[in-house]
Protein chains: 2
Amino acid sequence: MAGATISDVASAAGVSKGAVSLALNGQPGVGEETRKRILAAAKALGWTPSLRAKGLASARAYAIGLILARDPKLLGTDPFFAGFIAGIETVLAEHEYTLVLTVAADETAERKSYRKLSAGRVDGFILTDLLLDDPRIGLLEELKLKAVTLNRPDIESPFPAVSMNGTEGFTKAVEHLVALGHTRIAHVGGPLRYVHGRGRYDAWKDALQAAGLKSDLFIESDFTAPGGADSTERLLAMDDRPTAIVYANDLMATAGQSVAQARGYCVPDDLSITGYDDAEFVRYLNPPLTTISADPLRWGHEAAHAMLALFDGSHDGQDVRLPPPELIIRGSTGPAPDR
Amino acid sequence: MAGATISDVASAAGVSKGAVSLALNGQPGVGEETRKRILAAAKALGWTPSLRAKGLASARAYAIGLILARDPKLLGTDPFFAGFIAGIETVLAEHEYTLVLTVAADETAERKSYRKLSAGRVDGFILTDLLLDDPRIGLLEELKLKAVTLNRPDIESPFPAVSMNGTEGFTKAVEHLVALGHTRIAHVGGPLRYVHGRGRYDAWKDALQAAGLKSDLFIESDFTAPGGADSTERLLAMDDRPTAIVYANDLMATAGQSVAQARGYCVPDDLSITGYDDAEFVRYLNPPLTTISADPLRWGHEAAHAMLALFDGSHDGQDVRLPPPELIIRGSTGPAPDR
DNA sequence: CTGGGTCACTAAACCGGTTCAGTAAAGTAA
DNA sequence: TTACTTTACTGAACCGGTTTAGTGACCCAG
């Protein structure tokens with residue numbers, strides 16, 4: 001009986017609606033005997049409480065929002081986000097929460113989405129692709145919504161963050177290249193206004209300085225394939241060209257490798273290349289790409305947990321720190337060429 | 001004022017709650033003058049009707065569900081689905097509906113998700129990755145939910161479908177190879193229990209027969225990179241090996257190309273390869289992949305439209321047929337090698 | 001002038017839960 | 001024994017909309 005309501009259960013069990021509510025939610029105020037009888041009646045009628053009614057009465061949406069502001073084309077090649085969603089889902093599956101997902105193409109659409117979902121659709125947001133000075137934080141504070149951020153922004157934020165323990169994954173890539181004898185190591189990064197773009201840049205720079213090398217070969221790109229291709233061309237055209245390039249993601253690295261090969265450079269003999277994300281396809285590139293493997297499922301898992309803890313008030317206020325990712329060495333990195 | 005309710009607006013405009021409701025929804029029963037006054041009051045108070053209350057009163061969720069039953073790892077490399085979601089979103093953005101997305105790793109999780117979302121979370125589902133004999137159709141009928149399917153299944157289905165006008169896109173790939181002189185054209189397909197896997201298989205077979213060629217080189221694979229790699233090895237080990245392989249998606253083609261090259265075959269001189277989907281990265285493969293470009297945004301767009309039409313009863317019962325996709329010729333296909 | 005129909009609008013019921021004030025019965029301390 | 005607390009439960013208000021029955025004003029035909 002799909003159409004059963006709390007009243008049906010109440011009369012079936014010979015109690016009031018209130019008692020049924022208490023019994024179902026495991027709250028005190030009903031005797032053990034009665035509770036059992038109520039639950040039995042509920043099961044017999046096949047009753048599941050209506051989320052709509054529940055939501056109205058308790059002023060909750062029982063949903064969390066995720067708004068991805070990226071070009072849909074890019075999304076499709078982003079290995080992070082699918083795993084991330086799956087990670088969220090594994091947690092939500094065991095709770096009465098669901099994920100409301102929106103893809104916004106531009107900033108206007110993004111703001112519109114936040115407004116739309118804020119109007120009672122979700123109880124909180126998970127913020128990805130965080131900017132150093134992210135306006136969404138103020139926006140959500142204003143709207144009195146909860147949130148969990150991926151990475152902690154530079155500005156003051158009242159929301160718990162899930163972030164990586166340093167940017168060691170990226171540091172490892174640079175150290176790997178230094179160990180191979182490279183001295184001219186370039187970085188094609190994502191936009192520096194992103195926390196993760198910035199973090200990878202810093203890691204690159206710091207690792208080079210630690211090795212006593214100059215960090216002059218940097219191009220701020222945009223995480224897209226054309227961006228990676230273009231940056232690579234510019235780097236290779238330099239007088240004192242790099243012998244290795246670390247890219248901030250796999251897509252730029254893939255495009256970069258392709259461009260280098262088209263220009264007649266042999267990878268890795270003439271040029272070593274590393275990516276970031278460990279997308280499924282990069283092991284099938286020619287040569288297979290050395291890259292860094294984040295753990296998107298884990299990120300999703302932690303973010304969802306933090307969110308739920310925030311909802312039931314059990315959050316301890318501490319940021320979650322994830323272990324550094326792995327460097328996966330494949331064929332695109334090799335010893336520095338002789339000069 | 002975020003906390004404004006319909007009562008506030010009613011008293012501000014000096015009318016009853018009922019009048020406000022009628023005015024807001026553009027229903028008859030309020031004078032033009034009064035309607036304007038009510039809308040002005042609503043705007044002044046910054047009132048947006050509570051979706052929770054609306055949902056409870058009208059027994060609707062104002063959301064549509066999308067459950068993806070795939071390995072999260074695969075999802076990340078699937079260029080279709082991200083664009084598809086974006087396509088749905090562009091339509092929903094202008095309506096008061098949102099998308100509830102779930103990723104299910106296995107069939108148990110999938111069924112659980114359908115049950116969970118069916119309990120008042122969504123008003124209908126969009127079904128992707130349709131099976132010829134898809135059990136979800138019966139399930140949703142039983143649950144009295146609406147649905148739109150991507151492709152029409154073999155079994156009787158009361159739900160409108162969005163499907164491609166034939167599988168011409170795939171046919172084009174085979175014709176392209178035939179025109180290049182290939183006579184041994186293999187197909188590495190997806191599982192044949194999927195409508196799209198089956199459709200591509202049929203298209204391959206029919207195109208070969210139309211060209212008077214044997215269609216004996218077929219391997220039923222699984223849309224994954226390892227599956228594509230494995231199938232390719234088996235095809236290349238044959239006595240009368242194919243000189244061209246058409247894959248049912250880009251990921252298998254990418255893996256196949258990598259395997260072929262590792263075995264010493266030159267692509268396209270020794271072996272031509274085609275994919276399907278036109279993932280962002282395939283143009284950066286070495287050589288760039290000849291593939292077929294579906295239009296995921298369009299699919300999402302049409303599916304969402306059909307869904308909304310179903311909700312407001314304006315659906316005409318006709319399936320939507322999309323134009324055939326484009327064949328994008330790149331470097332992975334070339335003339336058949338001399339024997 | 002009257003009866004019937006429309007129109008604009010109100011009051012109240014309703015959707016299906018949660019929650020709070022109140023009550024009767026049982027338990028406990030003085 | 002009385003007085004006070006605790007426990008188990010009920011009834012009703014409430015969340016914020018939609019919807020329906022009903023009312024008075026107005027118009028028109030007979």
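Everything quoted here is computed from the prediction, not taken from an experiment. Residue numbers start from 1 in every chain, and the chains themselves are labelled A, B, ... in the order their sequence lines are given, proteins ahead of strands.
In this structure, A/Ile38 atom CD1 and D/dT10 atom C1' are separated by 12 Å, rounded to whole Å. A/Leu56 has its CG atom 14 Å from the P atom of C/dC15, to the nearest Å. Taking atom CZ on A/Arg60 and atom C1' on C/dT19, their separation rounds to 14 Å, with Å as the unit. Computed from coordinates, the A/Leu24 CG to C/dT19 C1' distance equals 15 Å when rounded to whole Å. If you measure from atom CG of A/Leu45 to atom P of C/dG16, you get 14 Å, rounded to the nearest angstrom. Atom CG of A/Leu51 and atom C1' of D/dC15 are 15 Å apart (whole Å). Atom pair A/Arg35:CZ and D/dT7:P shows a separation of 13 Å (rounding to whole Å applied). As a whole-Å value, the separation of A/Arg52 CZ from C/dC15 C1' is 10 Å.
Between D/dT18, C/dG17, C/dC15, one nucleotide has an atom nearer to the side chain of B/Ile6 than all others, and that is D/dT18. Taking only side-chain atoms of A/Ser16, from C-beta outward, the nucleotide of C/dG16, D/dT10, D/dC9 with the closest atom is D/dT10. Candidate nucleotides D/dC9, C/dG16, D/dG17 were compared by shortest atom distance to the side chain of A/Val30, and D/dC9 ranks first. For A/Thr34, the listed nucleotide lying nearest its side chain is D/dC9; candidates were C/dG17, D/dC9, D/dG16.
Residues A/Thr5 and B/Glu32 each lie close to DNA chain C; by heavy-atom proximity, the contact nearer the 5' end of the strand is made by B/Glu32. Ranked by how close their nearest DNA chain C nucleotide is to the 5' end, B/Gly31 and B/Ala53 are led by B/Gly31.
Neither OP1 nor OP2 of C/dG16 sits under 4.0 Å from any side-chain N or O of A/Trp47.
Checked for salt-bridge contact, B/Arg298 and B/Glu302 meet the test: a charged N lies under 4.0 Å from a carboxylate O. The pair B/Lys146-B/Asp123 fails the salt-bridge criterion, with no side-chain N (NZ, NE, NH1 or NH2) lying under 4.0 Å from an Asp/Glu carboxylate O. Between B/Arg136 and B/Glu110 there is a salt bridge, since at least one side-chain N of the basic residue sits less than 4.0 Å from a carboxylate O of the acidic one.
If you check every strand for non-hydrogen atoms under 4.0 Å, B/Val20 touches nothing. Residue A/Gly14 is classed as a sugar-phosphate contact, given heavy-atom separations below 4.0 Å to backbone atoms only.
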N/O to N/O distances under 3.5 Å, protein versus nucleotides 19-22 of chain D:
none

Only pairs under 3.5 Å count here: list side-chain donor-acceptor contacts from residues 36-44 of chain A, not counting sequence neighbours, and write none if there are none.
from, atom 1, to, atom 2, distance (Å)
A/Arg37, NH1, A/Ala13, O, 2.3

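Partners of B/Tyr97 according to the ring pair (Phe, Tyr, Trp, His ring centres under 6.0 Å) rule, which considers only residues two or more places apart in sequence or in another chain, are B/Tyr62, B/Phe311.
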Quiz prompt | Test log, rule side-chain contact (heavy atoms from CB on, under 4.5 Å), inputs B/Val15 and B/Val20 | solution = CA-CA 7 Å; B/Val15 294; B/Val20 177; 3.8 Å; yes

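Within a 6.0 Å radius of CZ in B/Arg111, other residues, nucleotides and ligands contribute 12 heavy atoms or fewer.
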